[in-house]
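A short write-up of the structure that comes next.
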Amino acid sequence: VAPGLLSWDAWQALRESAAVFAAAPDPEWAERLADAGVEVTDVAGDPVPHRAGLLVERAAHGEQVAWFGSPDGDPGLTDAVAEHLVPYAVAGRPPEVEIVTGAHDLPGSRLLDLVAVMDVLRSPGGCPWDGEQTHRTLLPYLLEETHEVIEAIESGDRDHLREELGDLLLQVVFHARIAEEDPDRPFGVDEVAAAIVAKLVHRHPHVFGGVEVTGSDQVKDNWEQIKAAEKGRTGPFEGIPATLPALARAQKMLGRLDRNGADPAAAAQVAADGDTVAADLFAAVLRASGAGEDAESLLRAALSRLPGD
């Protein structure tokens, strides 16, 4: 979690302790704790048994002391503390040991780790390959990872999907990190996230505002109307990427015509311009739309069923 983001119990335990010890605490954490009046003594140079003895001896003499846990879990410390406690337990006066949860990871907190790792890879002293990449050089990977996510979804393999979603997420974070270095119009992952949050709130007035809807169809209509107003579109096809596969692009364009009150079947006949094969392709797309199906997905699924050797 972010430096300083601790549970109330953890803050209370740290503030009430006569001494707080840690092994090589993160400088940002030490700074945030110092701001709150908690000074941390770094004993990273001491052997683990000595660290344990320091804690137990001071606690045995009536002081409340705290150990601020390390990311590696402080291997060996628990066993060493137990060994130091034995004589006091035999004597019937062992000091009390309590483990306090410092913080609970919030949903999405591991995204901060990804941002931090990407920053290291991209910064001087990081990975030479990562440091050389640009938005354009990453385009093939963005396309490839998108297709791999689609394949994972259609395969039904949950482990594969988790992995591929991570690869796709990396592309977003990678591009955002590169964007920070733009000399004229820099932006980072926070600006990217802020923009999509604002967009989602604005385009869901039935959730975040007072608009009432009767079902998902009305939600989709409202979404397109709000989107068109945001973009200031002057044509029905504006905003549809030319790089979309032809079937997907055709279905999106014909859908736009339908929502704008035009006759998509008539428009398709004009576009086919007498080409019977093109007309048949348009007709197949219209049939898929009428059935509430995605033409591209249907054909891709059919291709996977072709008999092979």
Side-chain angles (χ1 to χ4, degrees), residues 1-127 162 166 169-170 173 177 180 188-190 193-194 197:
V1 298
L5 187 59
L6 293 171
S7 66
W8 171 251
D9 289 340
W11 274 119
Q12 190 172 28
L14 291 171
R15 287 196 175 111
E16 292 177 353
S17 296
V20 177
F21 300 97
D26 185 285
E28 285 194 67
W29 268 103
E31 183 179 344
R32 295 296 180 274
L33 294 174
D35 289 342
V38 177
E39 295 296 334
V40 180
T41 301
D42 186 0
V43 293
D46 296 349
V48 172
H50 184 270
R51 302 175 195 174
L54 181 65
L55 290 168
V56 173
E57 290 300 322
R58 293 193 61 166
H61 287 84
E63 289 185 292
Q64 177 173 311
V65 292
W67 177 266
F68 192 77
S70 305
D72 63 0
D74 299 301
L77 183 63
T78 301
D79 291 341
V81 167
E83 289 181 14
H84 280 276
L85 285 172
V86 170
Y88 294 99
V90 172
R93 50 185 181 84
E96 182 182 345
V97 178
E98 181 183 2
I99 297 176
V100 178
T101 300
H104 301 279
D105 281 349
L106 301 174
S109 61
R110 297 311 302 272
L111 293 174
L112 298 176
D113 296 338
L114 175 57
V115 172
V117 168
M118 190 67 251
D119 184 61
V120 171
L121 294 174
R122 182 72 181 179
S123 298
C127 174
R162 182 180 63 243
L169 178 60
L170 170 60
V173 174
R177 179 61 182 82
E180 290 182 10
V189 69
D190 286 323
V197 167

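These numbers come from a predicted model, not from an experiment.
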When you measure from the side chain of H84 to the backbone N and O of P49, does any donor-acceptor pair fall under 3.5 Å? yes

Pairs flagged by ring-ring contact (aromatic ring centres under 6.0 Å, His included) wherever residues 2-27 is involved - sequence neighbours left out: none

I'd like to know if the side chain of R51 and the backbone of D46 have a donor-acceptor N/O pair within less than 3.5 Å. yes

For D119, enumerate each residue passing the side chain to side chain contact (heavy atoms under 4.5 Å, CB included) test, keeping only those at least two apart in sequence or located in another chain. S123, R177

Using every non-hydrogen atom in the two residues, find where A13 and V100 come nearest and quote the distance to one decimal. CB-CG2, 4.4 Å

For A23 and D74 the tightest heavy-atom approach is CB-OD1, 4.4 Å

Closest non-hydrogen atom pair, T101 against S7: O-OG, 2.9 Å

Side chains of L111 and V189: does their closest heavy-atom pair fall under 4.5 Å? no

Show the nearest heavy-atom pair for residues A34 and E39, with the distance to one decimal. CB-OE2, 4.0 Å

Drop me the distance from Q64's CD to R15's CZ, to the nearest 0.5 angstrom. 13.5 Å

Taking C-beta and beyond as the side chain, do L121 and M118 meet within less than 4.5 Å on heavy atoms? yes

Nearest-0.5 Å distance that lies between atom CG in L112 and atom CG in L114: 9.5 Å

About how many Å separate CG of L55 and NE2 of H50, when rounded to the nearest 0.5 Å? 10.5 Å

Would you compute the distance between atom CG of L5 and atom CH2 of W29 and round it to the nearest 0.5 angstrom? 6.5 Å

Run the side-chain contact (heavy atoms from CB on, under 4.5 Å) check on V97 and W67 step by step: do they pass? CA-CA 11 Å; V97 178; W67 177 266; over 6 Å; no

How far does CZ of F68 sit from CG of D42, to the nearest 0.5 angstrom? 12.0 Å

Please name all residues satisfying salt bridge (charged side-chain N to carboxylate O under 4.0 Å, His left out) with E57, sequence neighbours left out, ordered by chain then number. none

Could you pull out the closest heavy-atom pair between V48 and A80, with the gap in Å? CG1-CB, 4.1 Å

Show the nearest heavy-atom pair for residues E180 and G188, with the distance to one decimal. CG-CA, 3.6 Å

